[in-house]
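Working notes, structure below.
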Amino acid sequence: MATTKTPMRSVWLFYVIAWFSISAINLAALAANGLPWDLGLRNTLAYLLPDALLGLAVLQLPQRLPWPDGNWLPLGFKHAGLLLVFVALSSIGWFALVRLDAVVFGDATGGAINLRLLPWRIANDLLVYGTCAGLAYALQNAASARVFAAQVAKADTLRARAQLEVMRNQLNPHFVLNTLHALIGLVGRDPAVAEDALERLGDLLRYSLRIQRDGVDEMPLRNEWSFVQSFIDIERLRLGERLRTRFHLPEDTLDCMVPTFALQTLVENAIKHAVAPRSDGGTIDVDIHTLDGRLRIQVSDEGPGGAVQTGSENNGVGLRLLQERLVALYAGNASLDLQTVGAGTHAVLDLPLRRVGEHA
């Protein structure tokens, strides 16, 4: 497992407060047993200071001895050896401070050590070593977990971007081929109309290429609606009066952000399944409104109902890509619902309401 540096800055204050509290308790216990405060303070420092200083070194151990992913026995043996060193150094430090205290303050006993305290001191050393090592490994694991979570989130973001890039690469040829197919019949039947349609197609392609070049996944509805109107104009040249439309787009919805090609995909699907196959054509109804912090786009047709089902093979490339893009772009906060109503189909696109300049 990759190691992450233990965030020591978050430990210092806790460490100082912990040792201050332990020292206060030890001093109070000595005073309760009749020891003068000054002598109690000197004994407390001599007894606890070695452990406090050595504990700082123990806190750094995870950098040298990282926790293994597999067999932890070698690490256990290393810590057992280091624990013996810790106990030995702590005891030596205690002896040295007691002798130094005797020299400085002229203790008649010459700094004699009460060996009955040694077992308690060893037990105290074990507790200090275990606590500091446990705290250090816990902090390091927490830091590693945060780094790993950030790496996973970054990987997910990169994967989503790659998926969106693939979808854009699929969507542009899909749109171009479908539009060119719609114009093939016009070339022989009415060359003048076909020429006008090709000019409009050029406008559509410029918009499409701009989206592809800039890697844009969302655009203001105003831009997308202008694009869709040009697409409908081309389809109307092919279908004539068989293609009828009704639009309801309040002005306040035009600055809302929508996925690129989303509206065009829904309109194209309705024309393909409900207008083009019928001799009398049909009406495409586009209704866009906001409600409770959501943007709702509904594209309805007059039939044939049941021709398109969510998740079916009849969805075609456009609807399938749109559904996949919604997942990648909004992480479950958007939906596309295809409903059969009477003889027709209602495609309802539900998006989070976000206007131009607002961040996701």
Side-chain angles (χ1 to χ4, degrees), residues 157 160 163-164 167-168 171 175 207 211 216-233 235 243-275 282-312 314-360:
T157 300
Q163 290 173 344
L164 289 170
M167 292 173 197
R168 282 195 298 269
L171 190 57
F175 161 72
Y207 181 81
I211 289 174
V216 177
D217 291 308
E218 289 183 301
M219 290 289 283
L221 178 59
R222 187 183 311 276
N223 300 49
E224 284 291 301
W225 178 237
S226 176
F227 173 75
V228 170
Q229 284 181 307
S230 296
F231 174 78
I232 291 174
D233 288 342
E235 291 286 6
L243 174 57
R244 298 177 292 277
T245 55
R246 287 196 298 263
F247 307 130
H248 177 251
L249 289 85
E251 182 68 25
D252 65 342
T253 64
L254 295 179
D255 64 344
C256 295
M257 301 297 292
V258 297
T260 53
F261 297 115
L263 181 55
Q264 182 271 336
T265 298
L266 299 181
V267 170
E268 177 193 8
N269 186 74
I271 293 174
K272 177 181 178 181
H273 290 281
V275 177
T283 300
I284 305 299
D285 194 334
V286 178
D287 179 30
I288 303 179
H289 59 274
T290 60
L291 178 66
D292 297 330
R294 309 289 295 178
L295 178 67
R296 194 175 180 89
I297 300 175
Q298 179 173 300
V299 178
S300 306
D301 59 60
E302 298 176 328
V308 212
Q309 298 294 330
T310 302
S312 74
N314 291 329
N315 269 359
V317 176
L319 287 181
R320 176 177 59 80
L321 286 176
L322 176 55
Q323 290 172 320
E324 293 176 0
R325 291 175 69 217
L326 292 179
V327 174
L329 280 170
Y330 302 104
N333 196 27
S335 63
L336 173 61
D337 187 21
L338 302 180
Q339 307 167 354
T340 299
V341 180
T345 300
H346 290 352
V348 181
L349 179 60
D350 184 70
L351 303 170
L353 179 60
R354 188 162 55 84
R355 301 186 184 276
V356 175
E358 294 181 0
H359 296 288

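When side chains are defined from C-beta on, Q264 does not count as touching Y207, because their heavy atoms never get closer than 4.5 Å. Using a 4.5 Å heavy-atom threshold, the side chains of V258 and E218 count as separate. Side-chain contact between V286 and V228: absent, with no pair of heavy atoms (C-beta onward) separated by less than 4.5 Å. No side-chain heavy atom of V341 sits under 4.5 Å from any side-chain heavy atom of S300.
Checked by atom type and distance alone, the side chain of R325 never pairs as donor or acceptor with a backbone atom of A262 at under 3.5 Å. Using modelled atom types, no side-chain atom of Q339 and backbone atom of T345 make a donor-acceptor pair closer than 3.5 Å. Panel note: side chain T253, backbone L249; no donor-acceptor pair is recorded below 3.5 Å.
Taken from CZ in R244 to CG in D285, the straight-line distance is 12.5 Å, to the nearest 0.5 Å. Taking NE2 of H289 as the start and CG of D252 as the end, the distance is 11.0 Å to the nearest 0.5 Å. Separating the NE2 atom in H273 from the CD atom in E268 is a distance of 9.0 Å, to the nearest 0.5 Å. The distance from the CG atom of D217 to the CE atom of M257 is 10.0 Å, given to the nearest 0.5 Å. We find the CZ-CD distance between F247 and Q229 to be 6.5 Å, quoted to the nearest 0.5 Å. Distance CG/N223 to CG/L263: 12.5 Å, rounded to 0.5 Å.
Legend: residues meeting side chain to side chain donor-acceptor pair (under 3.5 Å) with D350, ordered by chain and number and at least two apart, are R294. Scored by the side-chain contact (heavy atoms from CB on, under 4.5 Å) test, A334 finds L326, Y330, L351, P352 as partners (sequence neighbours excluded). Here T245 pairs with R236 under the side chain to side chain donor-acceptor pair (under 3.5 Å) rule; sequence neighbours left out.
The side chain to side chain contact (heavy atoms under 4.5 Å, CB included) with L336 is formed by just one residue from the set L266, V348, I297; it is L266.
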request  = Just do the side-chain contact (heavy atoms from CB on, under 4.5 Å) check on D301 and N269 with the steps written out, would you?
outcome  = CA-CA 10 Å; D301 59 60; N269 186 74; 5.7 Å; no
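Applying the salt bridge (charged side-chain N to carboxylate O under 4.0 Å, His left out) rule to pairs touching residues 253-265 yields D255-R355, sequence neighbours excluded.
When all heavy atoms of F261 and E224 are compared, the closest pair comes out as N-OE1, 2.8 Å.
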